[in-house]
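Each remark here refers to the structure printed beneath this line.
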Amino acid sequence: VQITGGSVKAMDSNGTVNSILPSPKYDDSTDAQLLVLEGKAEIDPIVIDNTTWSFAGKHPDNDENLYVYLTPENHKAKLGEIGCLVIYKSEDKTFVIRYTGYLEIKDSDGNTATTGYTYDIDNNILQINTEGTYTIVPMVEGEISERIVINKTVNITLDNVNINTSTGAALEVQGNNAENASDNITATIKLKGENTLTPTGLNYAGLQLSNGANLILENGAAESETVGSLTVTGGEHGAGIGSGCYGTAGNITISGGTVTATGGKYAAGIGSGYGMVASNLNITYKSTAGNILISGGKVTIKAGDYAAGIGSGWWGIIGNITISGGEINVETSNADSYGNGAGIGAGRVGLAGNIEITDGTIKATGNNYGVGIGAGAYATVENIMISGGTVTASGGTYGAGIGSGYSNTTDNSNIKTITISGGTVTATGGNHGAGIGSGYSTTAGGSKIETITISGGTVTAKAGASAV
């Protein structure tokens, strides 16, 4: 028996449906499996894998179901105007209809949520549009291509979600453009299991904050479970966590979990994406992020070329950076250029507010031409303040361990003050760079610090070769 369309209701003498033996075929070699569309007899149209299925009417006895035979694999379908996925379960050779695609949303009680979200099957987007507490879990193993978009203040637990998509940010929090961060959307995301967010398209952040939206990342695992993790990579020009190219992110807070973030080309690991816009020889900054606060967790960051690891992208802007706890390991890229960014601070030609460290274990490495903590090449940071923690910072060629980076023009790569009042601080400059102070400049005054004050703590500073 070969079945390629229509509704076929086959029963044995006991009235059991799906009694066709041997199993019907969809083609010469593939068995067809039964999908029962309960209560869908009057739905029109029904489209499965872009093919419209036609039905002559209801089965006898006013049966409201349709009986469709499909190949044993996952299918996309539209039942009337409602998109869904038809997921094949090989263990019992049955199909399950999912109106949230390959992701399941559970409510605060752990039950499958029936409201609070929509699923756009045409664009493969699960959108959470109602405030509340939800858990998102995958229905299949391995990578999925569905995007998650959040546009309300919510508490979300990501439970072993692995997204790889080419059509946008893997997870996007859309803000409302409010001027004050407190009036904008805030997504609190708890991490359980191993979660991965990877966009492959140009200009998208991995976990993207748009229109000023805020983010709080926390560990969501129980004490008896392994700490939840997130591995996120930005697309080209997009931050790992923060803004996309020319985007506007709000505040970013990390208080727990294991977080690994890698910036796309020219973008920060955590912070702002690439931001240069040139028009008629006028260059403006178009990629921003608010304040960054890290108070706990294990955080590993890698910057994109010319960007900061934690801070601003190339031609990006970031607010204040505060570290009050956690284990943090951050480094710049290995780009072979005079203009790399800082491990923590401002990327090339970037702007950053204050950098304050009060506690935690921090290792910040500026690779080729980068700065450990401070202002990257041609960049500006307001002030650096260290009052506690264990801080190890090293600069690459022409970069300071803590301080400013390379410059070849007057009044570039500047920091107003560096103040160390506590903690254990080890700062090593790269070739031509100070341990604590300025990097190399071809022009007098091009890379400078206005004031350096050390009043406490245990401080070890070593200049690089050819530097003071």
Side-chain angles (χ1 to χ4, degrees), residues 203 234 236-240 242-247 262-278 283-289 292 301-319 321 330-353 355 364-382 384 393-415 429-430 432-433 438-443 446-449:
N203 300 332
E236 187 169 337
H237 299 171
S243 62
C245 184
Y246 307 151
T262 302
K265 189 174 184 180
Y266 307 150
I270 298 177
S272 62
Y274 174 58
M276 184 181 74
V277 174
I283 299 177
T284 57
Y285 295 86
K286 291 290 287 185
S287 185
T288 66
I292 297 174
I301 307 296
K302 182 68 178 287
D305 293 351
Y306 308 157
I310 300 173
S312 63
W314 186 18
W315 283 94
I317 300 176
I318 192 75
I321 301 170
V330 56
E331 62 178 314
T332 67
S333 79
N334 293 303
D336 188 11
S337 166
Y338 290 107
N340 236 325
I344 300 172
R348 179 175 178 169
V349 205
L351 303 176
I355 301 171
T365 304
N367 290 319
N368 293 348
Y369 311 105
V371 177
I373 299 173
Y378 319 107
T380 299
V381 168
E382 289 293 318
I384 299 174
S394 58
T397 302
Y398 297 160
I402 298 175
S404 58
Y406 172 82
S407 176
N408 61 8
T409 58
T410 302
D411 198 31
N412 267 295
S413 195
N414 297 324
I415 299 173
H432 297 285
S438 62
Y440 176 76
S441 176
T442 61
T443 305
S447 180
K448 64 183 181 182
I449 315 296

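Index from 1, following the sequence.
- Taking all atoms of both residues into account, the shortest heavy-atom contact from Ala346 to Ala352 is CB-CB, 4.0 Å.
- For the residue pair Ala393 and Gly401, the shortest heavy atom distance occurs at CB-O, 3.4 Å.
- Remark: side-chain polar atoms of Tyr369 are not paired, donor with acceptor, to backbone N or O of Gly405 under 3.5 angstrom.
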Identify each donor-acceptor pair in which a side-chain atom of residues 302-314 lies under 3.5 Å from a protein atom, sequence neighbours left out, and give them as a table.
from, atom 1, to, atom 2, distance (Å)
Asp305, OD1, Ser333, OG, 3.0
Ser312, OG, Gly347, N, 2.9

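- Atom CD1 of Ile449 is separated from atom OG of Ser413 by 7.0 Å, given to the nearest 0.5 angstrom.
- Minimum interatomic distance between Val371 and Gly399 (heavy atoms only, all atoms of both residues): CG2-CA, 4.3 Å.
- Scanning for side-chain hydrogen bond (donor to acceptor under 3.5 Å, both in side chains) contacts around Thr332 gives an empty result, with sequence neighbours left out.
- A distance of 12.0 Å separates CD1 in Ile344 from CD1 in Ile318, rounded to the nearest 0.5 Å.
- Checked by atom type and distance alone, the side chain of Ser243 pairs as donor or acceptor with a backbone atom of Gly273 at under 3.5 Å.
- The structure places CE of Met276 at 14.0 Å from NZ of Lys286, a figure rounded to the nearest 0.5 Å.
- For the atom pair CD1 (Ile317) and OG1 (Thr380), the distance works out to 10.5 Å, reported to the nearest 0.5 Å.
- Ring pair Tyr406/Tyr440 is parallel by interplanar angle, where below 30° counts as parallel and above 60° as perpendicular.
- The minimum heavy-atom distance linking Ala239 with Ala267 is given by the pair N-CB, 3.5 Å.
- Residues Ala364 and Gly372 come closest through the heavy atom pair CB-O, 3.3 Å.
- With hydrogens and angles ignored, the 3.5 Å screen pairs no side-chain donor or acceptor of Ser447 with any backbone N or O of Ser407.
- Between Tyr274 and Cys245, the closest side-chain pair of non-hydrogen atoms falls below 4.5 Å.
- Distance check: Asn340 CG to Arg348 CZ gives 8.5 Å after rounding to the nearest 0.5 Å.
- The backbone N or O of Thr443 lies less than 3.5 Å from a partner atom in the side chain of Ser441, making a donor-acceptor pair.
- Panel note: side chain Ser394, backbone Thr365; no donor-acceptor pair is recorded below 3.5 Å.
- Here CD1 of Ile384 is found 7.0 Å from CD1 of Ile373. Values are rounded to the nearest 0.5 Å.
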